[in-house]
Amino acid sequence: MTYDHKAIEAKWQQRWETDKVFYVGEDSEKPKFYNLCMYPYPSGALHQGHVRNYTFGDLLTRYKTMRGYNVLTPMGWDSFGLPAENAAIETGVHPRENTEAQIATMTRQIKQLGAMYDWDRELAAHHPDYYRWDQWIFLQLFDQGLAYKKEAPVNWCPKDQTVLANEQVVDGACERCGTVVEKKNLAQWFFRITDYAERLLDDLEQLDEWPERVRTMQRNWIGRSEGARFRIEVDGLGETFDVFTTRPDTIFGMTFCVLAPEHPLVERLIAGTEAEEEARAYIRDAGRASEIERMAEGEKTGIFTGRYAINPVDGEKVPIYIADYVLMGYGTGAIMGVPGQDQRDWDFATRYDLPIVRTVQPSDGWEGQAYLGDGPTINSGFLDGLDQAAAKEAIIAWLKERGIGEGTIQYRLRDWLISRQRYWGSPIPIVSCPRCGLVPVPEDELPVLLPDIQDYAPKGQSPLAGVEEWVVTTCPACGGEAMRETDTMDTFVDSSWYFFRFTDPGNDRAPFDPARAAYWMPVDQYIGGVEHAVLHLLYARFITKVLADMGLSPVQEPFARLFTQGMITLGGAKMSKSKGNVVDPLELFETHGADALRLYHLFMGPPTDDAAWDTNGVEGTSRFLDRLHRLVVDSEVVDGEDSPELISEANRAIRKVTEDIERFAFNTAIPQLMTLTNHLALAARDGVSRATFDQVVGIILKLLAPMAPHLAHELWERTGNASMLALEPWPVWDESLIVESTVTMVVQVNGKVRDRVNVSPDISPAEAEAIALGLEKVQGWIDGAQVRNVIARPPDLINFVVG
RNA sequence: GCCGGAGUGGCGAAAUUGGUAUACGCGAUGGACUCAAAAUCCAUUGCCCGCAAGGGCGUGCGGGUUCGAGUCCCGCCUCCGGCACCA
C-alpha cells in the first residue's frame with residue numbers, strides 16, 4: 001500500500017504557510033544565511049530543471065534553518081522579456097495578462113513542490129515599483145558616465161528585430177531564436193562595463209567557492225592580454241595610427257600593417273590613391289558580410305591602400321593594407337603585420353607575396369609557418385640576443401622614451417549593449433531634446449511607466465515609437481517639446497540587482513536600504529543553471545561593484561558561494577519542450593508525490609552533473625518512502641533488546657548526511673538513510689527495544705526533513721511529537737557511539753586480498769600480524785617462503801610481502 | 001587551436017586522505033504470497049575457467065612510481081562544455 005501523499009502534502013504545505021515558518025526579519029540573534037535560487041522567467045509551467053533547482057535550494061533552506069540560521073529564502077519573477085511579447089503578437093493578449101497568469105500558475109506549482117519561500121518579499125520585474133529602480137540605477141550610471149549612447153556596429157537579430165548584447169550572440173547567431181545575426185550601425189545605449197574589466201577579473205580570485213569552470217569562462221570572456229600600444233606614422237600624409245600588439249619584441253619583423261575596414265583613418269588613406277575604387281568595394285563587401293561569413297571564408301583577404309607606414313624602430317617603409325581579419329572592436333583596430341611570428345600574418349603575407357622576416361630563431365620543424373615559441377631574438381638591431389621577456393621590456397622602454405608608445409593591457413570584453421527595440425521591458429528614462437540633447441528624466445518623475453499598446457509587432461524600432469502621446473513630452477531641462485527614448489532595457493539589467501531588492505522589497509524611497517542590504521548581503525548560497533556563467537553572473541557582479549562604489553552595497557561581490565546544477569537529459573538530449581522529450585513534474589506530483597520526486601532529484605547523481613532521466617528512479621525513491629511509512633505507522637515492532645549497533649549506525653548516518661549536505665553530495669546522503677531504514681526494518685522484525693526503535697526513527701525523520709519534508713513532518717507528528725519538525729535542531733552525532741566493536745581487517749599477500757578477519761579496532765600492528773599469520777589461507781599463500789616485509793595498517797589492512 | 005570537466009557493471013552511480021572496486025537505487029532472473037495480477041517479501045546479479053573448493057582477469061588506452069593505484073606521475077584516445085581571425 002502506498003500512503004496518501006496528496007493529503008499529507010497539502011496538509012503540511014498549508015501548515016508551513018500559516019505558521020509562516022520561513023518568513024524572516026533582521027531582528028534575529030541567529031547568524032544570517034541568504035539562500036537564493038536564480039529567479040525564474042514565468043514560462044507558465046514548472047519543468048524538471050526548476051524542480052531540481054528548487055529542490056536543492058529548499059533542502060538548504062530547511063537544513064540551515066534546523067542548523068540555527070536566520071535563513072532568507074525569497075522568490076520572484078524575471079518577468080520582462082521576449083517570450084511574453086512574442087505570445088502577445090500571436091494572440092493579441094497583453095503581455096502583462098499573460099505574464100501574471102503564468103506567475104500564478106508557477107507559484108501554485110512551486111508550493112506543490114513544498115519548496116518554501118518568504119512570499120512577503122515576492123517581486124516581479126514588470127511591476128512599476130520594481131522597474132522604477134531599474135530606471136533609477138540607469139540614471140546613476142548615466143550621471144557617472146557609465147551609461148552612454150553611441151552609434152556603433154552592433155549585433156542585430158533580423159527575426160526578433162532587436163539588437164543583442166555580445167554575450168547574447170552564440171556562434172554568430174541569436175541565443176534566443178538561432179537566427180544568424182547581422183552587423184548594423186545603430187545608435188544604442190551601452191553600460192561601460194569595460195571600465196570594470198580589471199576589477200571583474202581580479203576579484204574572480206577571491207571567489208574560491210565558485211565552480212572553477214565558471215571562473216574560467218568569465219576569465220576567458222574578459223580576455224586580458226598584456227602588450228604594447230604604439231604610434232605608427234603614415235609616409236607623406238602627416239597622419240598616424242596606433243597599433244596594439246602582444247609581441248612588441250617582434251617589431252623589427254613588421255613587413256606590413258593592416259587596418260580594419262571600419263577604421264576611421266581608412267577614408268583619408270585611400271582618398272585620391274590608385275587603389276581608391278577597389279578599396280571602397282572591398283570595404284562595402286566586408287561591411288555586408290556577417291562575422292561568421294567573414295570567418296567561413298577561411299582565406300584571409302585584404303587590399304593594398306597605396307600608402308606606406310614607417311616602422312619607428314628602423315624607418316623601414318611597409319605597405320598598409322585593409323583586411324577584415326582585423327577587427328575594429330578590439331585593440332586599436334589596426335595591427336603591425338609580423339608574419340614570422342604570427343600565423344594569421346603569415347597566411348596574409350603568403351597570399352599577398354609580402355616579405356617574411358624571422359625575429360626569433362625557430363627551432364626545428366617550424367619551416368613554412370610562423371614560429372610562436374621563445375628563443376633568442378634575431379634580425380632586430382638592439383634587441384638581438386635577448387629572450388622574449390627581456391626583448392619586450394627593452395622595446396617598451398625604447399618606445400616610452402621616445403613618447404610613441406607604452407606597455408598596456410587590453411581586454412576582450414566589450415561594453416554591455418543594454419537597449420532593445422522591444423516593448424516588454426523597462427523604458428529607458430531619457431528624453432531627447434533638440435536643444436539640450438539627452439536629458440535624464442528627474443528621479444522624482446520615476447517610474448517612466450510602460451504605456452499600454454495594441455500593436456506589439458516589431459518594426460525595426462521599439463513598438464513604443466508608435467505611441468505618440470507618450471513619446472512626445474517636455475524636456476526636463478528647458479521645458480520645450482522633446483521626445484522620449486523608445487527603447488527598453490535588456491532584461492539582464494533587471495536581474496543584475498534583484499538580489500538587493502529582496503533585502504528590502506517594499507522600499508518606495510530607494511531601491512533598497514543599505515542597512516538592510518548590509519545585514520543580508522552577500523548571498524551566501526546562489527543556485528542556478530550554468531548557462532548564466534557569463535551573462536547574468538558577470539552583469540550582476542558589475543552592477544554590484546557600481547553600487548558598492550556609490551556606497552550602497554556593502555560587498556564588492558554579490559554571490560559568496562555559487563552552485564551550478566547539471567541539466568536533465570532524456571534520450572541523450574537536454575529535456576526541453578521544443579525537443580518533445582519532457583517528463584512533466586505535475587504528473588509525478590499526482591502519481592508519486594512531491595517527496596518522491598524531490599528525493600529522486602537528490603539521489604540521481606552528483607548535483608553538478610548532467611543527469612539522464614529515468615522515471616523508474618522515482619519509483620525507487622517512492623518505494624523507499626512507502627517502506628519508511630509502513631515501518632513507522634503500520635508495522636509491528638517485535639519487542640527485544642536495546643541495539644547499540646543500530647544506535648551506532650544511526651549516529652554514523654547523522655555524521656555522513658551532515659557532511660554530505662555540507663559538500664553538496666546529496667546523492668550519497670540518501671543511501672545512508674535507505675540502509676539505516678532497511679536495517680531498522682530487519683530489527684523490528686527480529687526484535688528490538690521500543691527505545692532503540694523510537695530513537696532511530698527520530699533520527700531518520702530529522703535527517704529526512706530537508707529532503708522529503710512532507711512525509712518526515714507527518715511521521716514526526718504521528719510518532720507523538722507536537723513540535724514543528726522544520727524548527728527542530730539538526731541532530732548531532734556522538735563520536736563515542738560511532739566506534740564499532742569489531743572491524744574487518746583485510747589480509748593481503750603481495751598486495752592481493754587473500755583473506756579477511758574481524759579484529760578489535762584498537763589492535764596493535766604486532767597483534768594484527770600474529771592474527772593474520774595464524775590464518776590458514778594466508779599460510780597457504782606464504783607457504784614457507786620468506787616474508788620480506790610486513791605493511792601493517794591495523795585495523796584496516798595488513799600486507800605480507802613474500803618472495 | 002586555447003581553456004575547463006568527464007570516461008568505473010545491462011543502466012543512474014559509490015569509493016571524501018593511495019589501503020576490501022562496484023555501496024545505494026534501477027533493470028533483469030528465480031522463488032514465496034495469490035485463482036490470477038498488482039503490491040510486498042526472499043534470493044541471485046562485473047567478466048572468464050571450474051561440479052565444487054577455488055583461481056584468474058577487471059575502473060578509456062600505453063607506460064611509470066609504490067608493499068599496494070579508480071585515486072599520484074608521464075604519454076595518448078574518446079566524449080561533453082566554453083572561447084576563438086582578439087593581434
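Lettering of chains follows the sequences in order, A, B, ..., and the numbering in each one begins at 1.
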Under 4.0 Å protein heavy-atom contact, by nucleotide of nucleotides 8-17 of chain B - B base, S sugar-phosphate only: ----BSSSB-
Can you give the donor-acceptor pairs under 3.5 Å from side chains of residues 661-669 of chain A to other protein atoms, not counting sequence neighbours?
from, atom 1, to, atom 2, distance (Å)
A:Glu662, OE2, A:Tyr63, OH, 2.6
A:Glu662, OE2, A:Arg67, NH1, 3.4
A:Arg663, NE, A:Asp660, OD1, 3.3
A:Arg663, NH2, A:Asp660, OD1, 3.1
A:Thr668, OG1, A:Asp660, OD2, 2.9
A:Thr668, OG1, A:Ala665, O, 3.0

Enumerate donor-acceptor pairs with a distance under 3.5 Å from any side-chain N or O in residues 788-803 of chain A to protein atoms, sequence neighbours excluded.
from, atom 1, to, atom 2, distance (Å)
A:Asn799, OD1, A:Asn750, N, 3.4
A:Asn799, OD1, A:Gly751, N, 3.0

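Using Watson-Crick or G-U wobble geometry with both donor-acceptor distances under 3.5 Å, B:C26 finds its partner in B:G10.
A:Leu372 meets the side-chain contact (heavy atoms from CB on, under 4.5 Å) test with A:Ala370; sequence neighbours excluded. A:Arg351 meets the side-chain hydrogen bond (donor to acceptor under 3.5 Å, both in side chains) test with A:Glu299; sequence neighbours excluded. Here A:Arg655 pairs with A:Glu735 under the salt bridge (Lys or Arg N to Asp or Glu O under 4.0 Å) rule; sequence neighbours left out. The side-chain hydrogen bond (donor to acceptor under 3.5 Å, both in side chains) test applied to A:Glu406 returns no partner, not counting sequence neighbours. Looking at residues two or more places apart in sequence or on another chain, you find a salt bridge (Lys or Arg N to Asp or Glu O under 4.0 Å) between A:Arg219 and A:Glu205, A:Glu212.
At the phosphate of B:U40, neither OP1 nor OP2 sits under 4.0 Å from any side-chain N or O atom of A:Arg685.
Note on ring orientation: taking the six-membered ring where Trp is involved, the planes of A:Trp416 and A:Tyr539 are parallel (angle under 30°, cut-offs 30° and 60°).
Nearest to the side-chain atoms of A:Tyr330 among the listed nucleotides B:A21, B:A87, B:G27 stands B:A87. Closest approach to the A:Asp342 side chain among B:A87, B:G27, B:A84 is made by B:A87 (side chain taken as heavy atoms from C-beta onward).
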Are any protein N/O atoms closer than 3.5 Å to N/O atoms in nucleotides 53-60 of chain B? If there are, list each pair with its distance.
from, atom 1, to, atom 2, distance (Å)
B:G56, OP1, A:Arg754, NH2, 3.3
B:G56, OP2, A:Arg754, NH1, 3.2

Mind listing the N/O atom pairs, protein and nucleotides 63-72 of chain B, below 3.5 Å?
from, atom 1, to, atom 2, distance (Å)
B:C67, O2', A:Asn799, ND2, 3.2
B:C67, O2, A:Asn799, ND2, 2.6

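Between the side chains of A:Ser622 and A:Glu619, no donor-acceptor pair is found at a separation under 3.5 Å. In this structure, a donor-acceptor pair under 3.5 Å is absent between the side chains of A:Thr569 and A:Asp610. For the residue pair A:Asp345 and A:Tyr325, a side-chain donor N or O sits within less than 3.5 Å of a side-chain acceptor on the partner. A side-chain donor from one of A:Arg541 and A:Gln218 sits under 3.5 Å from a side-chain acceptor of the other. Judged purely by distance below 3.5 Å, without hydrogens or angles, the side chains of A:Thr359 and A:Gln341 pair a donor atom with an acceptor atom. Under the 3.5 Å distance criterion, with hydrogens and angles disregarded, a donor-acceptor pair is assigned to the side chains of A:Gln48 and A:His601.
Using atom P as the reference point in both B:G31 and B:A38, the two lie 14 Å apart (nearest Å). Taking atom C1' in both B:G81 and B:G75, one finds a spacing of 25 Å when rounded to whole Å. Across B:G46 and B:G10, the matching P atoms stand 10 Å from one another, rounded to whole Å. Taking atom P in both B:G64 and B:G55, one finds a spacing of 27 Å when rounded to whole Å. Rounded to a whole angstrom, the distance from the C1' atom of B:U8 to that of B:A69 is 14 Å. One P atom belongs to B:C80, the other to B:C48, and the distance between them is 31 Å to the nearest Å.
No side-chain donor-acceptor contact under 3.5 Å links A:Arg754 to the backbone of A:Trp781. Panel note: side chain A:Ser380, backbone A:Phe252; no donor-acceptor pair is recorded below 3.5 Å.
Counting any heavy atom pair closer than 4.0 Å across all strands shown, A:Arg756 reaches a base atom.
In this structure, A:Ser225 OG and A:Ile409 CD1 are separated by 10.0 Å, a value rounded to the nearest 0.5 Å.
At whole-Å resolution of the value, CZ in A:Arg627 and P in B:A39 are 13 Å apart. Between the CG atom of A:Leu631 and the P atom of B:C41 there is a distance of 11 Å, given to the nearest Å.
Proximity of residues 674-683 of chain A to RNA chain B (heavy atom under 4.0 angstrom from any strand atom) is restricted to A:Met674, A:Thr675, A:Asn678. Scanning residues 217-230 of chain A for heavy-atom distances under 4.0 Å to RNA chain B yields A:Met217, A:Asn220, A:Trp221, A:Ser225.
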